[in-house]
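Only one structure is covered here, and it is reproduced in the block below.
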There are 2 protein chains.
Amino acid sequence: MLGEKLKELREARGLVQRQVAAKLNVDTAYISKMESNEKPVSRTHLKKLSKFLGINEEELLTIWLADKVYDMVKDEAVALKALLATEEQVKKNTRRP
Amino acid sequence: MLGEKLKELREARGLVQRQVAAKLNVDTAYISKMESNEKPVSRTHLKKLSKFLGINEEELLTIWLADKVYDMVKDEAVALKALLATEEQVKKNTRRP
DNA sequence: ACCGAATTTGTCCTATCTTGGACAAGTCCA
DNA sequence: TGGACTTGTCCAAGATAGGACAAATTCGGT
C-alpha cells in the first residue's frame, strides 16, 4: 500500500513527518494518516511527495492507482474476473485510442 | 460495457424499455441512460435486472465492476501496471483472508 | 523513571462530487 | 399520428475530500 511506501521512503531519507508536513503545508496528523492509509493521497500531494522524497513519480502513481482499484474490488467475488476483463479493455483501447 | 449488454439482453427478450422501467419503478429516460452508460447502475438495480432479464447475476456483476475499474484507470499511463499489481494483491488476500 | 519530540487517534468542519431520480421536450420510425 | 426512445435540465440526499485542532500515545536518550 501507498502509505507504507511513503513512510518507508521518508524514514530511509532520515526525515520526520514534520518536515514532510511542512513541504505540503499540512499538519503532521495529516501525514500520519496518509502513511496509515486513513486519508487518501491527492494527486498534487503525490507529485510533491515524489519530488521531495526523490522517487520516480510513476512508481508512486502505480501504487496509488493499484490501491484505489484494490479498494474498489476487494469485497467482490468476481474481482479477479473483472480485473482480467478490464485489462482486455485497456489493451484494446491503447492500440487505437 | 454494461449498458450495451443490458440493451442487448432486453431486446433479445423482446422487451421495451417501458417494461423494464416498470419493474424498477423508474421512468424510461432512466433506463435509456443506463443503456447508454450515462447513469451508473446501482447494485440493487443490477440484481433486479439480472432476475428480470434472466441472466446470471455474476456475469452482469463482472461487467459492472470491470466498467467501474476501467473508468478509474482509463486515463492513466500506468493503468496496466496498476492492474497487474492489483491482481497480485487480490490473489494474495484470497489465500488467507 | 522522566522529558520532550514524534507520532497517532479522535472529532469536527466545509466544500465539492456523486447518486438516483423526476420531468419536459425532443427525435425517430412505421 | 403515436409509441419508443433520447436528451437536457434540475434537484435532494448522501458520500467524499481535504483539511484543522486537541488530546493521547509512543519512543529515544539520559
Side-chain angles (χ1 to χ4, degrees), chain A residues 1-53 57 60-61 63-76, chain B residues 1-53 57 60-61 63-76:
Chain A
M1 305 257 293
L2 182 60
E4 289 79 3
K5 182 70 174 186
L6 291 175
K7 179 168 200 166
E8 175 190 318
L9 287 169
R10 174 177 61 81
E11 290 176 341
R13 268 84 177 149
L15 298 169
V16 345
Q17 290 184 349
R18 180 173 33 78
Q19 298 173 282
V20 176
K23 276 286 167 185
L24 302 193
N25 293 337
V26 298
D27 68 1
T28 68
Y30 198 47
I31 302 296
S32 171
K33 286 172 185 172
M34 284 181 178
E35 289 185 351
S36 55
N37 305 298
E38 289 163 52
K39 284 288 185 180
V41 179
S42 74
R43 293 200 59 152
T44 60
H45 281 338
L46 200 68
K47 176 161 297 196
K48 291 181 186 174
L49 286 168
S50 73
K51 201 148 275 183
F52 186 50
L53 298 176
E57 188 185 345
L60 244 39
L61 205 54
I63 302 176
W64 173 82
L65 188 54
D67 276 6
K68 285 211 308 174
V69 173
Y70 180 71
D71 232 68
M72 176 172 287
V73 307
K74 64 171 181 300
D75 295 324
E76 304 288 348
Chain B
M1 306 256 295
L2 182 60
E4 288 79 3
K5 183 71 174 184
L6 291 175
K7 179 168 201 168
E8 176 190 316
L9 286 169
R10 175 177 59 81
E11 290 176 341
R13 268 80 175 154
L15 299 168
V16 318
Q17 289 184 348
R18 179 172 34 79
Q19 297 173 283
V20 177
K23 277 286 167 186
L24 302 192
N25 292 338
V26 298
D27 68 1
T28 67
Y30 198 46
I31 302 295
S32 170
K33 286 172 184 170
M34 284 180 179
E35 289 186 350
S36 55
N37 306 298
E38 288 163 50
K39 284 288 186 179
V41 179
S42 75
R43 292 200 61 152
T44 59
H45 280 338
L46 201 68
K47 176 161 297 194
K48 291 181 187 174
L49 287 168
S50 73
K51 201 148 276 181
F52 186 50
L53 297 176
E57 187 184 347
L60 243 39
L61 205 55
I63 302 176
W64 173 82
L65 188 55
D67 276 6
K68 286 211 307 173
V69 173
Y70 181 71
D71 231 68
M72 176 172 287
V73 307
K74 65 171 181 299
D75 296 324
E76 304 287 348

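Computed from a prediction, not measured in an experiment: that's the story for all the values here. All chains are named by letter (A, B, ...) in the order of the sequence lines, taking the proteins before the strands, and each is independently numbered beginning at 1.
Considering only side-chain N and O atoms, B:R18 lies nowhere under 4.0 angstrom from the phosphate OP1 or OP2 of D:dT6. Note on A:H45: a side-chain N or O is less than 4.0 Å away from OP1 or OP2 of D:dG19.
Residue order along DNA chain C, read from the 5' end via each residue's closest nucleotide, puts B:P40 first among B:P40 and B:D27. Comparing B:L24 and A:K33 by the nucleotide of DNA chain C whose heavy atom lies nearest to each, the residue mapping closer to the 5' end is A:K33. With the nearest nucleotide of DNA chain D identified for both A:N25 and B:S32, B:S32 has the one nearer the 5' end.
Taking the side chain as every heavy atom from C-beta outward, B:L49 and B:L24 approach each other to under 4.5 Å. At least one side-chain heavy atom of B:E8 sits less than 4.5 Å from a side-chain heavy atom of B:K5. Within the 4.5 Å cutoff, the side chain of A:L60 has heavy atoms near those of the A:L9 side chain. In this structure, the side chains of B:V26 and B:H45 come closer than 4.5 Å at one or more pairs of heavy atoms. Put simply, the side chain of A:L65 reaches to within 4.5 Å of the side chain of B:M72, judged on heavy atoms.
Five base pairs at each end of the helix from C:dA1-D:dT30 to C:dA30-D:dT1 define two local axes, and these are offset by 40° (rounded to 10°).
At a threshold of 4.0 angstrom between heavy atoms, the contacts of A:R10 are confined to the sugar-phosphate backbone, with no base atom among them. Within the 4.0 angstrom heavy-atom criterion, no nucleotide atom of any strand lies near B:S36.
Boundaries of the chain A contact region on DNA chain C are C:dA6 to C:dT11, first to last in 5' to 3' order (nucleotide atom under 4.0 Å from a heavy atom).
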TODO: Determine, step by step, whether B:E76 and A:R43 satisfy the salt bridge (Lys or Arg N to Asp or Glu O under 4.0 Å) criterion, reporting the C-alpha distance in whole Å, the side-chain angles of both residues, the deciding distance to 0.1 Å, and the verdict.
DONE: CA-CA 12 Å; B:E76 304 287 348; A:R43 293 200 59 152; 2.5 Å; yes
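Heavy-atom minimum distance, A:F52 versus A:L15: CE2-CD1, 3.9 Å. Closest heavy-atom contact between B:S32 and B:Q17: CA-NE2, 3.7 Å.
Under a cut-off of 6.0 angstrom, the local environment of NZ in B:K74 is crowded, with over 12 non-hydrogen atoms contributed by other residues, nucleotides or ligands.
Atom pair B:K7:NZ and D:dA4:P shows a separation of 14 Å (rounding to whole Å applied). When rounded to the nearest whole Å, the span between CD of A:E11 and P of D:dC27 equals 12 Å.
Taking 3.5 Å as the limit, the base of D:dT7 and the side chain of B:K39 contain no donor-acceptor pair of atoms between them.
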